[in-house]
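The structure appears right after this line, and notes come after that.
Letters A, B, ... are given to chains in the order of the sequence lines, protein chains preceding strands, and every chain is numbered from 1.
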Number of protein chains: 2
Amino acid sequence: MKNNNKLTGVKEIARLADVSIATVDRVLHNRPGVSAKTKSKIEAIIKQLNYSPNILASRLASGKIFHLAVLIPKSSDRTDFWDAPLKGIERAAEEISRYGVRVAYYFFDLNNEDSFVSSADSILKEKKLDGVLMAPSFVSKSIRFVQRCKEKKIPFVFIDSNVEEAESLSYIGPPLFESGFLGARLCVLGMHRSDKVLFVTISREGSSYNYSRIEAGFKFFFFENDLHHEMIKLDIEDTERNSVFSNLEKAFSKYPDIEAIFVTNSRVFSVAQFLELKNYSKIHLVGYDFSQENQKYLKKGMINFLICHKPEEQGYKGLMSLYHHLALKLKVDQTYYMPIDIVTRENQDFYR
Amino acid sequence: MKNNNKLTGVKEIARLADVSIATVDRVLHNRPGVSAKTKSKIEAIIKQLNYSPNILASRLASGKIFHLAVLIPKSSDRTDFWDAPLKGIERAAEEISRYGVRVAYYFFDLNNEDSFVSSADSILKEKKLDGVLMAPSFVSKSIRFVQRCKEKKIPFVFIDSNVEEAESLSYIGPPLFESGFLGARLCVLGMHRSDKVLFVTISREGSSYNYSRIEAGFKFFFFENDLHHEMIKLDIEDTERNSVFSNLEKAFSKYPDIEAIFVTNSRVFSVAQFLELKNYSKIHLVGYDFSQENQKYLKKGMINFLICHKPEEQGYKGLMSLYHHLALKLKVDQTYYMPIDIVTRENQDFYR
DNA sequence: CTGAAAGCGCTTACAG
DNA sequence: CTGAAAGCGCTTACAG
């Protein structure tokens, strides 16, 4: 109810082009059903007015529903780590549900690459799909999947770990190099008798880019500080408990004087279980993530430090960035690094 | 033109309360003119429906204009550093001008605290003011100013430097401690003959929290690496060229074997001028900001490293965060750290 | 204290 | 190929 002597927007364009606003709208969205002549006339006016549409009005009128797919690991009996990102995603979903955002969840098993592939395939079969939020836990399969997304012009956001060459809309997660660097420092803090530190990766994807970034940061700490510790690398691809134990057994028989262990992901608790079983209580243990199991061994003193990256916030921000991009047409950061938190037995009760 | 069997929002509330939507709106915004009885009835329904308003529709209908004030240093003949944040702010302002955001600019002179105060006063005199974007260059005066803003419930965002206790809506700028830490490393890189490094702050606010954070990071580098360099602190409060020169003169006569100089802000070029004049070409010089003058001395080789924090992006993000908060009611990060870039003679032509 | 109606700047059936 | 009209979910004068 304001007096409209100064028209703007589609109305003004329609007036200048001497057509209806419906026709302007068709041109604006490149929809068919407009003669070439009319189209070019309208386009000229749009350009001349330097017009850009009002996204808020557009959203309100269209009532378009955005269908987002979430592809993350399921929390297993072995680790509940992924409960946290899921919680954040659900919080975001709830917040924006009234703005026409629908979220479909697809889970996979971190110990089963096929489950990732089949979930990814299901997503691609969706008739309605406007964006994907995912953890690219299996790198090569993720690349294949996002390749298909790119072909379909469906934006995708990574959380927790990154695949840089995939050119996601956004990556929200830890700065891996720096977190490895910090990990090394936390290891050295607990080393006084020996110079041997075990660098353990327990994952089917042990050779992935992410772990190599952590390793690079880890090594760089020693280089930077002119320390000459012996770093023993141990890749455990079979993540089953027995496999973890026997691999550690072997490492310890070869290097009995290992004094610190760094585990590059949340499976640090299984190393703690091994140390507990063996009564190796003096080993200094550092790992990732504030999962239930890890908290338990942190409390017991078997784990000395946990490095955490606000997993719930990662999920929340991940979904929000899709909403910002799709619905609000806001610019989103291509890389959003989470802070690196250090959790110890002393502060664990106050974390988050 | 969708069939509306499932009403939501104000309409549904009005229907349930058996009032008009205008009355619902009055309750929603706590406007007067509603009987206590009607009000409580409506409030109960709002609560029961767990209603939250559609911000997009609200923005569109209200046509409310947000008046933002920007309070930053003006670029002087001595440094054009502040051109960059201003450019970013203007870009953001242009982008959101069609969404009812108006920006008023207030500048002050970094060498003149009074100019800050009087600009700040002018802002407070504005009849229409919904948010402030500012560089809290003068700490105590800034605190006084934002105190007034808080009383008036006007949100404010800091860029470039922070005043933590002020509890701004958001701070967008460098992580100061880390940048000081990096500065120390860049200094040490150029030190081979002596262990004396000069730590120079050229500012009327030399004792501010920000500079002390940089200093803490700077010192921590030496501590962390068990280096025992001698750090000589030099605070130059009078930023005039003559004052800078005579202060440096004094420092060099007392410590002739200074090998590196770290300058905590963009005035590093004036130290470069001194070194040039004195023909002290072997001094290793590290400072901040990609200003014209600094680029010149970087090119000449008088400055060895510049630490930069994407000033244009700081301005852009700063204004945007006010828009996100006010108009879109989105959550904004309380702290948004910019990356720390290192610029050298070799990469300066490719920076930004 | 309350409500009917117009309008924000778009989009969407629908009719021609 | 084109346009008139209703509507998205709110807000705002205005009338009573």
Side-chain angles (χ1 to χ4, degrees), chain A residues 1-43 46 49 51-66 96-101 327-329, chain B residues 1-43 46 49 51-66 96-101 327-329:
Chain A
M1 205 168 278
K2 15 234 88 132
N3 64 346
N4 232 46
N5 38 17
K6 203 186 113 210
L7 280 179
T8 51
V10 286
K11 256 185 210 158
E12 172 71 351
I13 296 169
R15 194 182 62 79
L16 291 170
D18 199 26
V19 296
S20 74
I21 57 172
T23 300
V24 173
D25 194 66
R26 279 183 267 263
V27 173
L28 242 22
H29 296 88
N30 242 317
R31 269 187 262 108
V34 184
S35 73
K37 184 185 283 186
T38 311
K39 185 169 180 181
S40 63
K41 181 162 65 165
I42 293 173
E43 277 169 344
I46 289 171
L49 290 184
Y51 169 80
S52 71
N54 184 320
I55 306 299
L56 307 187
S58 165
R59 282 296 300 140
L60 186 61
S62 80
K64 174 167 171 39
I65 303 285
F66 290 110
I96 57 184
S97 64
R98 64 186 323 313
Y99 297 107
V101 177
L328 302 178
K329 310 267 190 233
Chain B
M1 205 170 279
K2 16 231 89 132
N3 65 346
N4 233 46
N5 38 17
K6 203 187 114 211
L7 280 178
T8 51
V10 285
K11 256 185 212 160
E12 174 69 350
I13 297 169
R15 194 182 62 79
L16 290 169
D18 200 26
V19 297
S20 73
I21 55 172
T23 301
V24 173
D25 193 68
R26 279 184 267 261
V27 173
L28 243 20
H29 296 89
N30 242 318
R31 268 187 264 108
V34 184
S35 73
K37 184 185 285 187
T38 310
K39 186 169 179 180
S40 64
K41 178 161 66 164
I42 293 173
E43 277 168 345
I46 289 171
L49 291 184
Y51 170 80
S52 70
N54 183 320
I55 305 298
L56 307 187
S58 164
R59 280 296 298 142
L60 185 61
S62 80
K64 174 167 170 41
I65 302 284
F66 289 110
I96 56 184
S97 63
R98 64 186 323 313
Y99 297 107
V101 177
L328 302 178
K329 311 269 191 230

Subject >> Nearest-angstrom distance from the residue atom CD1 of B:I13 to C1' of D:dC10 >> reply: 11 Å

Original post:
Hey, which of these two, A:Y51 or B:T23, hits DNA chain C nearer its 5' end, going by closest nucleotide?
Top reply: B:T23

**OP:** Could you work out which one of D:dC10, D:dA4, C:dG9 sits closest to the side chain of B:N54?
**Re:** D:dC10

Subject >> Per A:S35 side chain, nearest of listed nucleotides C:dC10, D:dC1, D:dC10 >> reply: D:dC1

**OP:** Before giving the answer on side chain to side chain contact (heavy atoms under 4.5 Å, CB included), spell out for B:K39 and B:N30 the whole-Å C-alpha distance, their side-chain angles and the decisive distance to 0.1 Å.
**Re:** CA-CA 9 Å; B:K39 186 169 179 180; B:N30 242 318; 3.1 Å; yes

**OP:** Could you tell me which nucleotide pairs with D:dA4 by Watson-Crick or G-U wobble geometry, both distances under 3.5 Å, or answer none if nothing does?
**Re:** none

Original post:
Atom CG of A:L60 and atom P of D:dC8: how far apart are they, to the nearest Å?
Top reply: 9 Å

Original post:
Are B:K37 and C:dC1 close enough that a side-chain N or O sits under 4.0 Å from OP1 or OP2?
Top reply: no

Original post:
C:dC10 C1' sits how many Å from A:K11 NZ, rounded?
Top reply: 10 Å

Subject >> Spacing of A:Y99 atom OH relative to D:dC8 atom P, expressed in whole Å >> reply: 17 Å

Subject >> Donor/acceptor link under 3.5 angstrom from B:R59 side chain onto base of D:dG9 >> reply: no

**OP:** Using atom CZ of B:R15 as one end and atom P of D:dC10 as the other, report the distance to the nearest whole Å.
**Re:** 15 Å

Original post:
Does a nitrogen or oxygen in the side chain of A:T38 sit under 4.0 Å from OP1 or OP2 of D:dT2?
Top reply: yes

**OP:** Would you indicate what A:I55 reaches in the nucleic acid, counting non-hydrogen atoms under 4.0 angstrom: base, sugar-phosphate, or nothing?
**Re:** nothing

Subject >> A:L49 side chain reached by A:L16 side chain, heavy atoms, under 4.5 Å >> reply: yes

**OP:** Compare the minimum distances between each of C:dT12, D:dA13, D:dC10 and the side chain of B:A22, then state the nucleotide with the smallest one.
**Re:** D:dA13

**OP:** Before giving the answer on side chain to side chain contact (heavy atoms under 4.5 Å, CB included), spell out for B:L28 and B:Y51 the whole-Å C-alpha distance, their side-chain angles and the decisive distance to 0.1 Å.
**Re:** CA-CA 10 Å; B:L28 243 20; B:Y51 170 80; 3.8 Å; yes

Subject >> d(CD1, A:I21; P, C:dT12) in whole Å >> reply: 12 Å

**OP:** With the side chain of A:P53 defined as its heavy atoms from C-beta on, choose the nearest nucleotide among D:dG3, D:dT12, C:dC10.
**Re:** C:dC10

Original post:
With a 4.5 Å heavy-atom cut-off, do B:L60 and A:N54 have their side chains touching?
Top reply: yes

**OP:** Would you sort out whether A:L328 and A:Y99 count as a side chain to side chain contact (heavy atoms under 4.5 Å, CB included), showing the intermediate values?
**Re:** CA-CA 10 Å; A:L328 302 178; A:Y99 297 107; over 6 Å; no

Original post:
Can you check the A:K64 NZ to C:dA13 C1' distance for me, whole Å?
Top reply: 17 Å

Subject >> Of A:S58 and B:V34, the one whose closest DNA chain C nucleotide lies more 5' >> reply: B:V34

**OP:** Go through the N and O atoms of the side chain of B:R98 and the base of C:dG9, and report whether any donor-acceptor pair is under 3.5 Å.
**Re:** no

**OP:** Check every atom of C:dC8, C:dT2, C:dC10 against the side chain of B:R26 and return the nucleotide holding the closest atom.
**Re:** C:dT2

Original post:
What is the distance from CG of B:D18 to C1' of C:dG3, rounded to the nearest Å?
Top reply: 12 Å

Original post:
Rounded to the nearest 0.5 Å, how far apart are NZ of B:K41 and OG1 of B:T23?
Top reply: 10.0 Å

**OP:** Determine: side-chain N/O of B:K39 to OP1/OP2 of C:dC1, distance under 4.0 Å, yes or no.
**Re:** no

